Trainee: 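Could you have a look at this structure, given as structure tokens, before my questions?
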Amino acid sequence: MVVRVLLILALAAVIFWVFSIVDAAVQPPARHRGVSKPVWVVLVIVFPVVGGVLWFAVGRVSARQSRVIAPDDDADFLRGLGGSTPSRPAAAGPSAADRRAQAEQDERIRQLEQELARLDDDDDPSHGSHRAH
């Protein structure tokens, strides 16, 4: 009876050990805390059960903690662009070229909206003349 329990415990320890080695080896370096990835793999191999427990308790960063921040949410990224950020407002308003480009874009949008409205009126049977398609 005692031999069976010890055999089951040994089998569970080996499974845990192998799982720990594989998990430490396949995680990207960004998900390793404390020391580098190769050091964690060596620790888990050299200290089978203790290394695995340390890996899961201390060394492994959860996916939630290592999530990637979108560029528009990353203040450091936005600061690097040189544009305005919530912590640093823009020094001056838009330049003349920016205003001219915006005016051209607004005019193009107005023309497209008029063309779309004309096409809608041409296809609308309630306006009298209906084209056959």
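Here the structure is a predicted model, which means the values were calculated and not measured. Starting from 1, each residue takes its place in the sequence as its number.
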Trainee: Pair Gln114, Arg118 - check side-chain hydrogen bond (donor to acceptor under 3.5 Å, both in side chains), show working.
Mentor: CA-CA 6 Å; Gln114 287 175 347; Arg118 184 182 51 78; over 6 Å; no
Trainee: Check whether Trp17 reaches the backbone of Val44 with its side chain - one donor and one acceptor, N or O, closer than 3.5 Å.
Mentor: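 Answer holds: yes.
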Trainee: Compare every heavy atom of Lys37 with every heavy atom of Gln27, then report the nearest pair and how far apart it is.
Mentor: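 Of all heavy-atom pairs spanning Gln27 and Lys37, the closest is O-NZ, 3.1 Å.
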Trainee: Excluding sequence neighbours, so at least two apart, what forms side chain to side chain contact (heavy atoms under 4.5 Å, CB included) with Ala10?
Mentor: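 Expected list: none.
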Trainee: Does Val46 share a hydrophobic cluster with Val53, counting links as ILVMFWY side-chain heavy atoms below 4.5 Å and allowing steps through other members?
Mentor: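 Both belong to a single hydrophobic cluster.
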Trainee: Please report the interatomic distance CG(Leu116) to CD(Gln111), rounded to the nearest 0.5 Å.
Mentor: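 Going from CG on Leu116 over to CD on Gln111, the span is 13.5 Å.
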Trainee: Going by ring pair (Phe, Tyr, Trp, His ring centres under 6.0 Å), Trp55 matches just one of Phe16, Trp40, Phe19. Which one?
Mentor: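 For Trp55, the ring pair (Phe, Tyr, Trp, His ring centres under 6.0 Å) check succeeds only for Trp40.
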Trainee: Share the residues that join Val5 in a hydrophobic cluster, the rule being Ile, Leu, Val, Met, Phe, Trp or Tyr side chains under 4.5 Å apart at the heavy-atom level.
Mentor: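 Members alongside Val5: Leu9.
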Trainee: With rounding to the nearest 0.5 angstrom, report the CE to CG distance, Met1 to Leu6.
Mentor: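 One finds 11.0 Å between CE of Met1 and CG of Leu6.
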Trainee: Can a side-chain donor-acceptor contact be found between Asp98 and Gln102 if the only test is distance below 3.5 angstrom?
Mentor: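 Looking only at side-chain atoms, Asp98 and Gln102 do not form any donor-acceptor pair under 3.5 Å.
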Trainee: Hydrophobic clustering (ILVMFWY, side-chain heavy atoms < 4.5 Å, transitive) - are Ile21 and Ile15 grouped together?
Mentor: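 Different clusters: Ile15 never reaches Ile21 through Ile, Leu, Val, Met, Phe, Trp or Tyr contacts under 4.5 Å.
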Trainee: Check Gly52 against Ser20 and note the closest heavy-atom contact, atom names and distance.
Mentor: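 Taking Gly52 first and Ser20 second, the nearest heavy atoms are CA-OG, 3.5 Å.
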Trainee: With the threshold set at 4.0 Å, does a side-chain nitrogen-carboxylate oxygen contact exist between Arg110 and Glu107?
Mentor: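 A salt bridge links Arg110 with Glu107.
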